[in-house]
Amino acid sequence: MVTIRLHNSKTRKKEAFSPLDPANVRMYVCGPTVYDRAHLGNGRPVVVFDTLYRLLRHVYGAEHVTYVRNFTDVDDKINATALARKEAGDPRSMEALIHERTEETIGWYHADMDALGALRPDHEPRATAYIGPMVAMIEGLIAGGHAYARAGHVLFRVRSYKAYGALSGRSVDDMIAGARVEVAPFKEDPMDFVLWKPSSEEEPGWSSPWGRGRPGWHIECSAMSYELLGASFDIHGGGLDLQFPHHENEIAQSCCAHPEAGFAQVWLHNEMLQVEGKKMSKSLGNFFTVRDLLDQGVPGEVIRMVYLSTHYRKPMDWTAEKAREAEGTLRKIAQFLSRDPFTKPWVDVSKAVPPQEVVDALANDLNTSLALTHVSKYLKDEQEMQLVGALDLLGFDVEALKAKFAGFELHAWDNGFASGHSLRASGIAPAPWQDQLRALRDTLSKLRQDAMQTKNFAPVDALKSALTAAGVEVRMSKAGVELLPGPGFDPAKLEGLK
RNA sequence: GGCGGGUUGGCGGAGAGGUUACGCAGCGGAUUGCAAAUCCGUGAAGACCGGUUCGAUUCCGGUACCCGCCUCCA
């Protein structure tokens with residue numbers, strides 16, 4: 001069996017991965033707070049951990065991996081969004097507005113992440129469905145002396161957990177010394193954090209031993225991972241920005257609530273994303289969502305490939321240039337895959353399996369960049385079996401690639417060996433302009449054959465320029481004429497040509 | 001201020017203590033009515049200083065610069 005090696009944030013070392021139970025490999029990844037569309041940075045961990053999920057399924061068997069990613073649907077940002085709608089005149093209750101907001105956001109999230117080729121996790125628990133287990137865990141922490149109730153709040157007693165700070169490499173004393181925030185007066189210690197807080201009438205709340213309130217941010221992940229994966233499981237992932245305080249607090253809560261267990265064995269953190277060399281932020285005006293890109297015509301596969309081109313533990317820079325390059329690569333792949341079967345060796349791609357060297361690349365701390373290098377090699381060497389197997393493991397749907405990126409080719413073969421015309425539409429539905437393009441191809445072919453005799457190429461070049469301007473790639477060779485509508489194809493510009 | 005990460009050729013981006021990464025772009029050639037596409041060939045690197053070593057871009061230390069976290073954030 002392949003040995004997967006992962007860089008464990010907890011030990012700061014690359015370690016051989018050894019699941020607690022190979023028959024049930026368990027992974028928990030922190031999911032989104034569902035108050036708005038997922039931005040480009042939110043997509044990175046989704047694709048990174050989707051790739052790991054696919055690798056684990058490949059190595060241990062799809063039915064032996066359990067992947068949990070939560071939806072945080074109780075949060076002050078959600079409340080704020082709902083409140084804004086209410087103040088804008090919406091007559092419905094806050095509860096209804098909050099529910100509407102979380103539901104629509106989850107729907108967006110699914111649609112956007114599906115477009116990136118990410119498999120849905122096995123479980124996508126919502127925090128609001130686990131309030132009971134959270135309350136139970138908090139009660140346990142109080143009973144164990146790890147938490148205390150004050151002024152309607154319940155706080156975690158950081159000093160009661162000796163290893164606090166181990167994950168993020170901080171000491172409690174250093175953090176207090178460098179703290180910049182005001183400390184609530186009811187805290188025993190400045191670093192103590194909220195497990196439960198009171199809710200006003202307008203805010204969502206649940207009854208609890210401490211009055212009507214709602215959970216703090218961190219407790220949900222501790223409670224849900226415990227309910228769905230147990231007190232000990234294999235992998236916990238998330239963005240580097242969650243390492244502190246979120247993951248540190250999760251560890252403290254879970255390890256104090258279940259001191260007999262080890263909580264997550266391996267911690268993985270992906271580095272952050274930048275845009276054209278700068279942090280993505282609304283104030284810099286370079287903030288955009290996954291949906292923004294999709295709407296601009298950047299296919300999800302392109303976004304996925306750009307994500308995978310940088311190792312997950314390095315900062316990733318999103319640039320238009322990278323997207324352009326990735327699109328070019330995908331087009332070449334798709335054109336090769338959908339090429340006429342008579343022009344390449346026949347292989348039964350339904351039997352394709354991921355090449356060992358690609359599995360090895362991913363098994364080496366998810367070296368997706370190296371895996372993509374192998375993909376380029378298979379394309380260059382026309383190794384279709386390897387190519388398809390690798391694309392599949394990396395989360396690219398071969399049929400979707402062919403449909404989206406191959407477009408179609410229009411051939412007019414002139415020579416006697418391959419005479420006649422052919423139209424191959426690779427997976428896309430017939431469009432009204434196809435007939436027009438076909439006619440243009442015939443015209444161009446005719447003009448060119450005439451020009452070969454008369455040596456007057458002006459009409460040929462004129463039509464070629466017009467087609468090029470419409471985003472159609474024109475290829476002419478001894479064999480004949482080919483037209484390939486490219487990424488910038490604009491059927492409107494075909495009007496008037498004949 | 002505290003903590004963590006990074007710095008590879010024009011750009012992106014890997015592996016490996018000693019022999020070509022690779023992709024894109026460039027350049028030269030083949031091919032083409034001209035192009036495009038394709039094919040062949042090709043130059044170019046390891047922030048800086050020091051140490052370990054027969055030998056370091058790869059290991060160790062320091063300097064500079066960049067980035068992130070410490071407050072909601074993937």
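Chain letters run A, B, ... following the sequence lines, proteins first and then strands; every chain starts at 1. Side chains are part of it too, since the values below use all heavy atoms of this structure and drop only hydrogens, waters and symmetry mates.
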Once pairs are restricted to Watson-Crick or G-U wobble with both distances under 3.5 Å, how does RNA chain B read as a dot-bracket string, [ ] for crossings and | for other-strand pairs? (((((((..(((.....[...))).(((((.......)))))....(((((..]....))))))))))))....
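Counting non-hydrogen atoms under 4.0 angstrom, S168(A) reaches the backbone sugars and phosphates but no base. Within the nucleic acid shown, L372(A) has no heavy atom closer than 4.0 Å to any nucleic acid atom. As judged by a 4.0 angstrom heavy-atom cut-off over every strand, G41(A) is placed among the base-contacting residues. Counting any heavy atom pair closer than 4.0 Å across all strands shown, N367(A) reaches sugar-phosphate atoms only and no base atom.
Distance CD (E271(A)) to P (rG6(B)): 9 Å, rounded to an integer number of Å. At whole-Å resolution of the value, CG in D360(A) and P in rA21(B) are 22 Å apart. Note: CG (D75(A)) to C1' (rA74(B)) measures 14 Å, nearest angstrom. Between the CZ atom of R37(A) and the C1' atom of rA74(B) there is a distance of 18 Å, given to the nearest Å. The CZ atom of F244(A) sits 9 Å away from the C1' atom of rC69(B) (whole-angstrom rounding).
For N364(A) and rG15(B), the shortest distance from a side-chain N or O to OP1 or OP2 is not below 4.0 Å.
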Could you run down the sub-3.5 Å N/O contacts of the protein with nucleotides 57-62 of chain B?
none

Identify the pairs formed between an N or O of the protein and an N or O of nucleotides 27-29 of chain B at a distance under 3.5 Å, and give each distance.
none

For nucleotides 37-48 of chain B, list the nitrogen or oxygen atoms of the protein found under 3.5 Å from its nitrogen or oxygen atoms, one pair per line.
| unit_1 | atom_1 | unit_2 | atom_2 | d |
| --- | --- | --- | --- | --- |
| rA37(B) | O2' | R475(A) | NH1 | 3.4 |

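With sequence neighbours excluded, the residues satisfying ring-ring contact (aromatic ring centres under 6.0 Å, His included) with F71(A) are Y109(A), H110(A). Under the ring-ring contact (aromatic ring centres under 6.0 Å, His included) criterion, H269(A) pairs with H247(A), sequence neighbours left out. Take Y53(A) and apply the ring-ring contact (aromatic ring centres under 6.0 Å, His included) test, not counting sequence neighbours, and it matches Y67(A). For F156(A), the ring-ring contact (aromatic ring centres under 6.0 Å, His included) partners two or more places apart in sequence, or in a different chain, are F193(A). Remark: K314(A) pairs with no residue by the side-chain hydrogen bond (donor to acceptor under 3.5 Å, both in side chains) rule, at least two apart or across chains.
A heavy atom closer than 4.0 Å to some atom of RNA chain B occurs in no member of residues 382-394 of chain A.
Applying the side chain to side chain donor-acceptor pair (under 3.5 Å) test to pairs two or more places apart or on separate chains, those with a residue in residues 297-309 of chain A are D50(A)-R304(A), E301(A)-K404(A).
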What does nucleotides 8-13 of chain B look like as a protein-contact string, B for base, S for sugar-phosphate only, - for none, at under 4.0 angstrom between heavy atoms? ----SS
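Side-chain atoms of K464(A) come within donor-acceptor range of the base of rC34(B), with a qualifying N/O pair under 3.5 Å.
Nearest-nucleotide mapping onto RNA chain B: of G238(A) and A458(A), the residue sitting toward the 5' end is A458(A).
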